[in-house]
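One structure is given below, encoded as structure tokens.
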Amino acid sequence: MFFAKPTYEEMTLPFIYVEVHDDVKLGLINIEAYGDILGKHKYCYCCYELKDKQMYKNGDFEMIIGQLKNTADKTVKVMIKVKKGVPKDFTLDINSLAEAFNDERFKSLALLGRGFNDKSYRELDAK
């Protein structure tokens with residue numbers, strides 16, 4: 001097959017909150033899911049802002065970050081795009097993030113950027 005269509009695999013992966021001081025000042029939230037994806041250790045990094053700007057004023061932003069700092073034993077669903085047997089891209093399921101914390105405010109996250117990497121953001125940022 002020359003033009004193989006991609007397939008999609010749903011996975012549940014652990015994740016961490018990645019605290020980037022400058023991003024917090026800008027009102028951004030960084031999350032990185034990670035794990036074995038089709039035999040390769042991959043990192044699914046996402047940067048979000050809040051859809052509702054009032055959430056910055058009423059303390060929701062700080063509360064969300066506080067919850068994210070305590071991610072022990074929490075997981076999130078990730079949809080992996082696979083082409084010719086190789087993981088190529090991902091989408092992090094915000095609804096499953098809201099379920100992990102039992103907090104609907106997580107559904108107010110709007111994706112700004114993402115990266116599908118072989119190294120953690122922390123390793124990439126250190127360079």
Quiz prompt | Exercise: identify the closest heavy-atom pair between D93 and V76 | solution = O-CG2, 3.6 Å

Quiz item: How far apart are the closest heavy atoms of I16 and T71, and which atoms are they?
Solution: CA-OG1, 4.0 Å

Practice problem: Verify whether one side chain among Y45 and N30 offers a donor that lies under 3.5 Å from an acceptor in the other. | Solution: yes

Quiz item: Is the number of heavy atoms from other residues, nucleotides or ligands under 6.0 Å of K74 NZ greater than 12?
Solution: yes

Exercise. Output the distance between atom CD (E104) and atom CG (N95), rounded to the nearest 0.5 Å.
Key: 8.0 Å

Quiz item: Does K81 pair with E9 as a salt bridge, N-O distance under 4.0 Å?
Solution: no

Self-check item: Taking every non-hydrogen atom, the tightest pair across C44 and I37
Solution: SG-CD1, 4.1 Å

Quiz item: About how many Å separate CZ of R114 and CD1 of I31, when rounded to the nearest 0.5 Å?
Solution: 14.0 Å

Exercise. Evaluate the side-chain proximity of S120 to Y34: yes if any heavy-atom separation is below 4.5 Å, no if none is.
Key: no

Exercise. Begin from the C-alpha positions of V78 and F15 and carry the test side chain to side chain contact (heavy atoms under 4.5 Å, CB included) through to its verdict.
Key: CA-CA 10 Å; V78 180; F15 65 93; over 6 Å; no

Exercise. In plain terms, say whether K42 and D118 are close enough for a salt bridge, that is, a side-chain N and a carboxylate O under 4.0 Å apart.
Key: yes

Quiz item: Nearest 0.5 Å, what's the CD1-CG distance between I29 and D23?
Solution: 10.5 Å

Exercise. For residues D60 and R105, report the shortest heavy-atom separation together with the two atoms involved.
Key: OD1-NH1, 2.9 Å

Quiz item: Could you give the distance from CG (L109) to SG (C47), rounded to the nearest 0.5 Å?
Solution: 10.0 Å

Quiz item: In this structure, are over 12 heavy atoms from other groups packed under 6.0 Å from N102 atom CG?
Solution: no

Self-check item: Spatial distance of atom CE (M79) from atom OG (S96) [nearest 0.5 Å]
Solution: 10.0 Å

Quiz item: Does NZ belonging to K53 count more than 12 external heavy atoms closer than 6.0 Å?
Solution: yes

Quiz item: With a 4.5 Å limit on heavy-atom distance, are the side chains of L92 and L13 in contact?
Solution: no

Exercise. Report yes if some heavy atom in the side chain of Y8 is under 4.5 Å from a heavy atom in the side chain of D89; otherwise report no.
Key: no

Exercise. Side-chain contact test, heavy atoms from C-beta onward, threshold under 4.5 Å: evaluate it for F90 versus K88 and give yes or no.
Key: no

Quiz item: How many angstroms lie between atom CE of M63 and atom CG of L68, to the nearest 0.5 angstrom?
Solution: 12.5 Å

Quiz item: Would a 4.5 Å heavy-atom cut-off, applied to side chains only, mark E19 and K69 as touching?
Solution: yes

Quiz item: Are M55 and I94 linked, directly or through other ILVMFWY residues, by side chains that come within less than 4.5 angstrom of each other?
Solution: yes

Quiz item: Hey, what's the ring geometry for F101 with F106, parallel, tilted or perpendicular (30° and 60° as the breaks)?
Solution: parallel

Quiz item: Any link between L50 and V20 through a network of hydrophobic side chains (Ile, Leu, Val, Met, Phe, Trp, Tyr) touching at under 4.5 Å?
Solution: no

Quiz prompt | Check: Q67 main-chain N/O paired with Y17 side-chain donor or acceptor under 3.5 Å | solution = no

Quiz item: Would a distance-only check, ignoring hydrogens and angles, find a side-chain to backbone donor-acceptor pair under 3.5 Å from Y56 to G27?
Solution: yes

Quiz prompt | Within 6.0 Å of CG in D73, more than 12 heavy atoms from elsewhere | solution = no

Quiz item: Which heavy-atom pair separates C46 from L111 by the least distance, and what is that distance?
Solution: CB-CD1, 3.9 Å

Quiz item: Would you find a donor on one side and an acceptor on the other, under 3.5 Å apart, between the side chain of E32 and the backbone of Y121?
Solution: yes

Exercise. Could you please spell out the steps behind the side chain to side chain contact (heavy atoms under 4.5 Å, CB included) verdict for L38 and V86?
Key: CA-CA 8 Å; L38 302 175; V86 178; over 6 Å; no

